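Everything below concerns the one structure shown next.
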Amino acid sequence: MKEIKAYLRPNLLDPVIRGLEDAGARDITVIRVDAINAAVNPEEQHFVQKYNTKYSAVAKLELVCRDANAPSFAEIIRKLACTGTRGDGRIFIAELSGAINIRNGATGEDAL
């Protein structure tokens with residue numbers, strides 16, 4: 001199993017989520033976060049004295065999938081979130097060692 005975490009522009013969430021759902025992705029989680037430094041979009045940055053740096057609003061999208069689906073899901077995110085300008089974001093793919101479905105006790109990929 002793989003865990004995909006993607007940091008992207010909030011205004012591109014709808015097409016990315018639609019594309020993932022059309023490809024069979026389920027149980028997608030979205031969290032609103034603030035990016036500091038490298039991931040900052042220069043056109044939408046804010047200055048915060050506390051951090052003494054610039055930040056911008058970013059959407060963090062997370063999903064867990066079967067190994068075979070990870071490359072295509074990552075490519076969907078990359079293609080639909082790309083504007084070609086700085087601040088487009090990043091995608092991270094990590095190996096998961098296990099999963100348990102709380103409701104029915106299924107484990108591994110069966111838990112998905």
Side-chain angles (χ1 to χ4, degrees):
M1 292 175 298
K2 303 284 190 214
E3 178 182 31
I4 299 174
K5 292 182 183 180
Y7 297 85
L8 54 134
R9 299 172 191 276
N11 64 314
L12 296 176
L13 274 173
D14 286 342
V16 169
I17 290 171
R18 243 180 278 117
L20 288 168
E21 288 176 336
D22 289 349
R26 301 177 17 200
D27 303 325
I28 300 166
T29 302
V30 175
I31 304 163
R32 304 290 178 160
V33 298
D34 291 330
I36 297 173
N37 292 332
V40 169
N41 175 4
E43 290 81 39
E44 298 174 11
Q45 63 191 4
H46 310 278
F47 185 76
V48 177
Q49 191 65 32
K50 178 180 173 184
Y51 297 121
N52 196 23
T53 189
K54 296 174 183 175
Y55 76 92
S56 63
V58 174
K60 178 182 179 186
L61 182 146
E62 297 179 346
L63 68 103
V64 174
C65 63
R66 299 180 187 283
D67 288 347
N69 295 123
S72 62
F73 289 170
E75 180 57 18
I76 288 167
I77 296 167
R78 191 204 65 75
K79 191 167 83 176
L80 295 175
C82 180
T83 66
T85 59
R86 184 169 185 238
D88 275 350
R90 305 253 188 322
I91 301 169
F92 300 98
I93 303 171
E95 186 70 34
L96 292 182
S97 62
I100 301 168
N101 183 306
I102 294 172
R103 182 181 53 82
N104 63 22
T107 60
E109 287 193 350
D110 291 338
L112 301 179

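In this chain, numbering begins with 1 at the start of the sequence shown. Because the structure is predicted, anything quoted here is derived from the model rather than measured.
- Looking at heavy atoms from C-beta onward, I31 lies out of side-chain contact with K5 at the 4.5 angstrom threshold.
- Between L20 and L80, the closest side-chain pair of non-hydrogen atoms is not below 4.5 Å.
- A pairwise comparison of heavy atoms in G24 and F73 identifies C-CZ, 4.0 Å as the closest pair.
- In the hydrophobic clustering of ILVMFWY residues, with side-chain heavy atoms under 4.5 Å counting as a link, I76 and L112 come out apart.
- Note that CD1 of I4 and CD1 of I91 are 8.0 Å apart. Values are rounded to the nearest 0.5 Å.
- For the atom pair CG (D88) and CG (L12), the distance works out to 7.5 Å, reported to the nearest 0.5 Å.
- If you chain together hydrophobic residues whose side chains sit under 4.5 Å apart, I17 and I93 fall into the same group.
- Counting all heavy atoms, side chain and backbone alike, A6 lies closest to I77 at CB-CG2, 3.8 Å.
- Closest approach of P10 to A57, counting heavy atoms only: CD-O, 3.7 Å.
- The distance from the OG atom of S97 to the CE atom of M1 is 7.0 Å, given to the nearest 0.5 Å.
- The nearest pair of heavy atoms linking A59 to V30 is CB-CG1, 4.5 Å.
- Annotation: side chain of N69 is not in contact with side chain of K2 (no heavy-atom distance under 4.5 Å).
- Connection of L63 to L8 is established within a shared hydrophobic cluster, with ILVMFWY side chains joined at heavy-atom distances below 4.5 Å, either directly or through further cluster members.
- Within the structure, side chain to side chain donor-acceptor pair (under 3.5 Å) contacts touching residues 14-28 (residues at least two apart or in different chains) do not occur.
- For L96, the CG atom is densely surrounded, since the number of other residues' heavy atoms within 6.0 Å is greater than 12.
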Side-chain donor-acceptor pairs of residues 102-111 under 3.5 Å, sequence neighbours excluded:
residue, atom, partner, partner atom, Å
N104, OD1, A106, N, 2.9
E109, OE1, R66, NH1, 3.0

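- In this structure, CZ on R32 lies 14.0 Å from NZ on K60, to the nearest 0.5 angstrom.
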